[in-house]
2 protein chains.
Amino acid sequence: MARAGLTPERLVAAAAELADEAGLAQVTASAVARRFDVKAASLYSHIGGTDDLRTGVALLALREMADRVAEALAGRSGRDALAAFAGAYRDYARAHPGRYEAARLPLDHETAMASAGVRHSQLARAVLRGYDIAEPDQTHAVRLLGSVFHGYISLEAATGFSHTPVDSDTSWQWTLDRLDALLRSGSAG
Amino acid sequence: MARAGLTPERLVAAAAELADEAGLAQVTASAVARRFDVKAASLYSHIGGTDDLRTGVALLALREMADRVAEALAGRSGRDALAAFAGAYRDYARAHPGRYEAARLPLDHETAMASAGVRHSQLARAVLRGYDIAEPDQTHAVRLLGSVFHGYISLEAATGFSHTPVDSDTSWQWTLDRLDALLRSGSAG
DNA sequence: GTAGGTTTCCTACAGGGCTTAGGCAAATGC
DNA sequence: GCATTTGCCTAAGCCCTGTAGGAAACCTAC
């Protein structure tokens, strides 16, 4: 019988597609095996198991997001950079909800340190260079940016902010304006 | 043989404890049944299944959080109210991580509308009464509060913001200060 | 080109979890 | 005290995980 050509990379890529289509919970060894017309047991020479698959999706998502954010940020500063930064995350989450979900999985310290997660905080600091904020406020501000955007994106994904007549895009712009103002007054401490 | 005295409420309560101790993923019909020294099949006359159990935990968590937030808010306004509001959520999430996790489960529209989730936005609006913000900005501000606090709490839970020497409590206070200032200047925009 | 070794995928199996169906025993109500 | 209702049981089917060991495809080197 012809071989399916399984590799860790292809398995993780399939897992990522599955996550986006059906949710991270549907990413299982069985489901991924089905995508390759292969028995579930065949995956175990390539990956450790279901957890490995999900962690793989998380690492992939962190890399892809960092790439997109970096590209969005190129040549921008100030409010422009802030909007590009936030927009890149939001767009990614909407295009790849399962991957985004995976990116929030807890990673052990070692894996986290070797992941693209590190680039994310560097990118946030790049945005803040447009705002003249010194340490330790800069660290506070990095956390604030992460919190606001991750929070907004995940609440938007869960509820769609659909219970009121106010448009979510309008709230998003409003939030960016206010955050920009907040950071601009940031050097005051 | 003696009966175990199962009820939907007791099952959900046990599921909530389990969630806090071991994570929401460990909340299964089997695991809850073990807590009552009962076979898993016995649960099915009381609850619909595993999903029901988790949804039950979500609804419980929403109720408990709304109660605590309401209590924390009593008699406070302005920055005091803001800090009490945010602190109540953060404390709850730390005391009951599994319940907090469950509270973010997507609920169908009908269930969401009948849940205590509705009270949460009312409580956020109560905080904003101290800041003189009219619609539609008030809705934007409600979303901002939800985003910042939920985002902060979930990032804190996942990473502990432990990769840098800057204390998380300090960032939290800084965030509250800045948010207070932002809302105070809010009537302008 | 073909023999050996390696890799890839297979079948088989053990272990759990979910959930339904149907039965017996305990509680309840009359 | 007896009938009914309720609560928990066993049994069984299905799906997922992960391990072990086998067979076939691929590679290498003569």
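Computed from a predicted model, the values in this text were never measured in an experiment. Letters go in sequence order (proteins before strands), and every chain restarts at 1.
Within the 3.5 Å criterion, the main-chain N or O of B/Leu62 finds a donor-acceptor partner in the side chain of B/His120. The closest donor-acceptor contact from the side chain of A/Ser42 to the backbone of A/Val38 lies at 3.5 Å or more, if one exists at all.
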Run the side-chain donor-acceptor check on residues 146-157 of chain B: report pairs under 3.5 Å with partners two or more places apart or on a different chain.
unit_1, atom_1, unit_2, atom_2, d
B/Ser147, OG, A/Tyr152, N, 3.4
B/Ser147, OG, B/Arg143, O, 2.8
B/His150, ND1, B/Tyr100, OH, 3.0
B/His150, NE2, A/Ser154, OG, 3.3
B/Tyr152, OH, B/Ser168, O, 2.8
B/Tyr152, OH, B/Ser168, OG, 3.0
B/Ser154, OG, A/His150, NE2, 3.3
B/Ser154, OG, B/His150, O, 3.2
B/Ser154, OG, B/Gly151, O, 3.4
B/Glu156, OE1, B/Arg90, NE, 3.0
B/Glu156, OE2, B/Arg90, NH2, 2.7
B/Glu156, OE2, B/Ser168, OG, 2.7

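Between the CD atom of B/Gln26 and the C1' atom of C/dG17 there is a distance of 12 Å, rounded to whole Å. Distance CG (B/Leu6) to C1' (D/dG7): 8 Å, rounded to an integer number of Å. Taking atom CD1 of residue A/Ile47 and atom C1' of nucleotide D/dG18, one finds them 10 Å apart after rounding to whole Å. For B/Leu43 and D/dC8, the CG to C1' distance is 10 Å, given to the nearest whole Å.
The side chain to side chain donor-acceptor pair (under 3.5 Å) test applied to A/Gln138 returns A/Arg125, not counting sequence neighbours. Among residues two or more places apart in sequence or in another chain, the side chain to side chain contact (heavy atoms under 4.5 Å, CB included) test is passed with B/Ala41 by none. With sequence neighbours excluded, no residue satisfies ring pair (Phe, Tyr, Trp, His ring centres under 6.0 Å) with B/His46.
Close to C/dC18, at under 4.0 Å from its OP1 or OP2, lies a side-chain N or O of B/Thr50. Look at A/His46 and you won't find any side-chain N or O under 4.0 angstrom from OP1 or OP2 of C/dT7.
B/Leu18 and B/Ile47 fall within a single hydrophobic cluster, where Ile, Leu, Val, Met, Phe, Trp and Tyr are joined by side-chain heavy atoms under 4.5 Å apart, directly or via other members.
Residues of residues 29-37 of chain A that place a heavy atom closer than 4.0 Å to DNA chain D, in numerical order, are A/Ala29, A/Ser30, A/Arg34. Of all the residues in residues 7-22 of chain B, not one reaches under 4.0 Å from DNA chain D with any non-hydrogen atom.
Distance from the side chain of A/Arg3 is smallest for D/dA24 among the nucleotides C/dA26, C/dT20, D/dA24. Considering only the side chain of B/Ala40, C/dT19 comes nearest among D/dT17, C/dC9, C/dT19.
A salt bridge (Lys or Arg N to Asp or Glu O under 4.0 Å) check over residues 109-122 of chain A, counting only residues at least two apart or in different chains, returns the pairs A/Asp67-A/Arg119. Screening residues 36-62 of chain B for salt bridge (Lys or Arg N to Asp or Glu O under 4.0 Å) gives no qualifying pairs among residues at least two apart or on separate chains. Applying the salt bridge (Lys or Arg N to Asp or Glu O under 4.0 Å) rule to pairs touching residues 5-24 of chain A yields A/Glu17-A/Arg35, A/Asp20-A/Arg99, A/Glu21-A/Arg35, sequence neighbours excluded. For residues 8-34 of chain B, the set of pairs meeting the ring-ring contact (aromatic ring centres under 6.0 Å, His included) definition, not counting sequence neighbours, is empty.
Aromatic pair B/His140/A/Phe161: centroids not less than 6.0 angstrom apart.
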Strictly under 3.5 Å: I want the nitrogen or oxygen pairs between protein and nucleotides 11-15 of chain C, one per line.
none

Distances under 3.5 Å only, N/O to N/O: pair up the protein atoms with those of nucleotides 3-5 of chain C.
none

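Partner A/Leu123 forms a side-chain contact (heavy atoms from CB on, under 4.5 Å) with one of A/Leu73, A/Val142, A/Leu145, A/Leu128 and no other, that one being A/Leu73.
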